[in-house]
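This report concerns only the one structure given below.
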Protein chains: 2
Amino acid sequence: MGTQKEIARRAGVSVSVVSAVINGTKHTRMSDETRARVEAVIEELGYVPNDAARALRRQRSGTIAVVVEKIENPIYRDMFHGIYDAAEARGWAVVLGDARWMRSGSHFLARLLGQGSIDGIILRSEGLVDDEVVAHLRARPTPVIMVEGRHGLDGRWLAIDDAAAGRVATQHLIDLGHRQIEFAGGERWVPTVERHRGYADAMRDAGLEPRDAIRTGYGSQAGTEALTQIIASRRRPTALVVNNVLSGLGLYAAAHDAGIAIPDDLSVVAIHDADIADDLRPPLATVRMPMAELGARAVEAIAAILEDQSTRFGLVDDPAPVLLPRASTAPPPSSPRPW
Amino acid sequence: MGTQKEIARRAGVSVSVVSAVINGTKHTRMSDETRARVEAVIEELGYVPNDAARALRRQRSGTIAVVVEKIENPIYRDMFHGIYDAAEARGWAVVLGDARWMRSGSHFLARLLGQGSIDGIILRSEGLVDDEVVAHLRARPTPVIMVEGRHGLDGRWLAIDDAAAGRVATQHLIDLGHRQIEFAGGERWVPTVERHRGYADAMRDAGLEPRDAIRTGYGSQAGTEALTQIIASRRRPTALVVNNVLSGLGLYAAAHDAGIAIPDDLSVVAIHDADIADDLRPPLATVRMPMAELGARAVEAIAAILEDQSTRFGLVDDPAPVLLPRASTAPPPSSPRPW
DNA sequence: CTGAAAGCGCTTACAG
DNA sequence: CTGAAAGCGCTTACAG
């Protein structure tokens, strides 16, 4: 370990030279011999810079935080990847956290909001963060980019094109010949509202009557709730668009329990792709979203803010959402079985 | 924002007093009136301490990092929770990261290993971390606790009682009357080896002949591979213990594809519980492990090391693994269908 | 081309 | 009981 001071002493130079060798700064007008001597001592001691001292001096930590609501949700995988790659390219480290930890008074929150250890925050929350925490976020200079949610602080939000995703999913079902198509996903969360809007647009364009969204909670339970509500109603759609892969999982379970066959009785498409879609039986058709690009854009937005440059917020619509067909969809039954 | 210096100026006191007010230190022999004035200015400015300066001065950041291999694996949920709670109780913030980011030269790794920003690391890896990175880990003073893996650096590892889990899972199947029971999970990773050992012990205790583990990869694919191998063999077990819930998911898919009914043809128990076990059909019987306790113990171990106290490493066996029965198991078929 | 010095914002031992 | 000062380890403007 050791410090630059110690290296300087051992190499017989000043700390300015040591710092220059480490950082490759212009101060670098030193003889090759001096540089080599310094590098040898650095190697010998296994010197590593003290990040706290650096951050204090540079007024920048080189670390950004990503906070999401349920970190185990598989849909984040690509986003994390996109964020990580973009951050590494800029020389930043990424740390992850769970939105459930953002409680007023938590040390996690203190670290996020304190000066010095986190340069920027990428936040994805379905609304869990309470008003007091939001007030803190607003009061601090640390830039916060909201992803997948259109209520970004100071308009700083980025989202995928959820309406397009809803449209793509619905269009696929229309193309298969379905006319009784519904959408499940609740209305509280903005992306869901957008997806439902895309569903409704596709329906209208095809001369079909869109229905209100089937309001549900989130997670796998949403799928279960959706089917329960449908069964309780007099409606018998032949196809369903659900909010995400986990909802699809819950829907599969409920369909199994109710003796409803997928896709023979009911076709299903889920927004968002994830590995597990391939492991379900039947494999679940999904809409792949540009999550990696969303993550990369969020990193760029933080960089722009820190450098006082302007940046474009809003929709990340390239590449466009694309349907990944799998066996959970089929043409509607010619003579529907009653269920 | 502002600094203590600015607060001191506005409140007409010295920075020592400001610091004392903020930290509640003994220096605290100040009049109530002084304290109130300082607090008012702190409030007014929305002052937040600079963590980098603190970390530099205290030689401690108050942040620990948790690095796991596939952060979206649902089995980590409870462990993260246990870590978070224990860390908060100690006044520490927790940050998460993915083991795939621990590449030599990555800025993420630099932040982990550098002095100043991370006080300790909890690492869970199936072996992804390459030798060069391990060498770095060893060379730095930052304590690293290996969880679920018995090759901890300097013997600093903690693991759940995988052998007991294997035993519990197997015993449940034996109790149901199964005699042809197999274990799937590969042999590369130590916990799997332990689970297989527990399986073998339970079998022997029941006077049954344990079989070698069916070697597979990891993740959902493991379940698929296991069934493929069984089908290719002449063996027809009536029950199977799989390494985790994701493997169970893959096994379900493979069983469906092969026309094998669970549990009628084949009973299944998975090590590790996760929410999705309830969403599968049939719901998947699992063994719940003390993951939250494992996480809490890892935090305590870091604390002990930092405080130069001794601490106990090894197995976290309280509470013991417990079987959560679900519909994926049943007595063996009286007259097995051929498959 | 290289070194001495200031200062980032904090905590704390010390002097008064 | 309170203030002035040192120092954590770094970077960088400045002097030589």
Side-chain angles (χ1 to χ4, degrees), chain A residues 1-38 41-42 45-62 91 110-111 113-119 140-141, chain B residues 1-38 41-42 45-62 91 110-111 113-119 140-141:
Chain A
M1 299 307 323
T3 64
Q4 290 186 7
K5 193 169 160 191
E6 184 172 355
I7 293 167
R9 191 177 55 71
R10 295 208 191 193
V13 296
S14 73
V15 290
S16 325
V17 172
V18 176
S19 178
V21 169
I22 289 162
N23 295 296
T25 22
K26 6 260 147 122
H27 202 278
T28 304
R29 315 258 166 270
M30 70 197 74
S31 67
D32 287 351
E33 196 266 332
T34 300
R35 176 188 302 282
R37 204 165 64 240
V38 171
V41 178
I42 287 173
L45 292 182
Y47 169 81
V48 165
N50 183 304
D51 290 316
R54 267 201 172 158
L56 176 59
R57 177 60 227 231
R58 292 182 175 166
Q59 298 285 63
R60 196 128 295 174
S61 68
R111 214 53 31 92
L113 296 178
Q115 303 286 291
S117 59
I118 299 290
D119 291 341
R140 308 277 167 261
Chain B
M1 297 308 321
T3 64
Q4 291 186 7
K5 193 169 160 192
E6 182 173 356
I7 293 167
R9 191 176 55 71
R10 295 208 190 194
V13 295
S14 74
V15 290
S16 326
V17 173
V18 176
S19 179
V21 169
I22 290 162
N23 294 298
T25 23
K26 6 257 147 132
H27 202 278
T28 304
R29 316 257 167 271
M30 70 196 76
S31 66
D32 286 351
E33 196 266 332
T34 301
R35 176 188 303 283
R37 206 166 61 242
V38 171
V41 178
I42 287 173
L45 292 183
Y47 169 80
V48 165
N50 183 304
D51 290 315
R54 268 201 172 157
L56 176 59
R57 176 60 227 233
R58 294 180 174 168
Q59 298 286 63
R60 197 128 293 174
S61 68
R111 214 53 31 91
L113 294 178
Q115 304 283 291
S117 59
I118 300 291
D119 291 342
R140 309 276 167 261

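All chains are named by letter (A, B, ...) in the order of the sequence lines, taking the proteins before the strands, and each is independently numbered beginning at 1. Because only heavy atoms are used, hydrogens play no part in the values below, and waters and symmetry mates are left out as well, while side chains stay in.
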Quick one, [X] and [Y] - any side-chain contact, counting heavy atoms below 4.5 Å?
X: B/Val13; Y: B/Val38; value: yes
X: B/Gln115; Y: B/Pro141; value: yes
X: B/Tyr47; Y: B/Ile22; value: yes
X: B/Leu45; Y: B/Ile7; value: yes
X: B/Ile118; Y: B/Arg140; value: no

Looking at [X], does any N or O in its side chain come under 4.0 Å of the phosphate oxygens OP1/OP2 on [N]?
X: A/Ser19; N: D/dT11; answer: yes
X: B/Asn50; N: C/dC8; answer: no
X: B/Gln59; N: D/dG9; answer: yes

Rounded to whole angstroms, how far apart are [atom1] on [X] and [atom2] on [N]?
X: B/Asp51; N: C/dG9; atom1: CG; atom2: C1'; result: 11 Å
X: A/Arg58; N: D/dT12; atom1: CZ; atom2: P; result: 7 Å
X: B/Arg60; N: C/dT11; atom1: CZ; atom2: P; result: 15 Å
X: A/Lys5; N: C/dA4; atom1: NZ; atom2: C1'; result: 13 Å
X: A/Glu6; N: D/dC8; atom1: CD; atom2: C1'; result: 15 Å
X: A/Arg9; N: D/dG9; atom1: CZ; atom2: C1'; result: 16 Å
X: B/Ile7; N: C/dC10; atom1: CD1; atom2: C1'; result: 12 Å
X: A/Arg54; N: D/dC8; atom1: CZ; atom2: C1'; result: 16 Å

Practice item. Identify the nucleotide, in any strand shown, that forms a Watson-Crick or G-U wobble pair with C/dA4, with both distances under 3.5 Å; if there is none, say none. Key: none

Practice item. Identify the nucleotide, in any strand shown, that forms a Watson-Crick or G-U wobble pair with D/dA13, with both distances under 3.5 Å; if there is none, say none. Key: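 Because no pair has both required distances under 3.5 Å, D/dA13 counts as unpaired.
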
Side chain of [X] only, please: which of [options] is the nearest?
X: B/Leu56; options: C/dT11, D/dC8, D/dG3; value: D/dC8
X: A/Ser14; options: D/dG7, C/dG3, D/dC10; value: C/dG3
X: B/Tyr47; options: D/dT11, C/dC10, D/dG3; value: C/dC10
X: A/Asn23; options: D/dT11, C/dG3, D/dA4; value: D/dT11
X: A/Arg57; options: D/dG9, C/dG3, D/dA5; value: D/dG9
X: B/Gln4; options: C/dT2, C/dT11, D/dT11; value: C/dT11

Exercise for review: State whether the side chain of A/Arg111 and the backbone N or O of B/Asp51 hold a donor-acceptor pair below 3.5 Å, judged by distance alone.
Suggested key: no

Point to revise | Position toward the 5' end of DNA chain D (nearest nucleotide), B/Val15 or B/Ala53 | key: B/Val15

Check your understanding: Just checking B/Thr3: base, sugar-phosphate only, or nothing, at a heavy-atom cut-off of under 4.0 Å?
Key ->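 If one applies the 4.0 Å heavy-atom cut-off, B/Thr3 turns out to touch the sugar-phosphate alone, with no base involved.
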
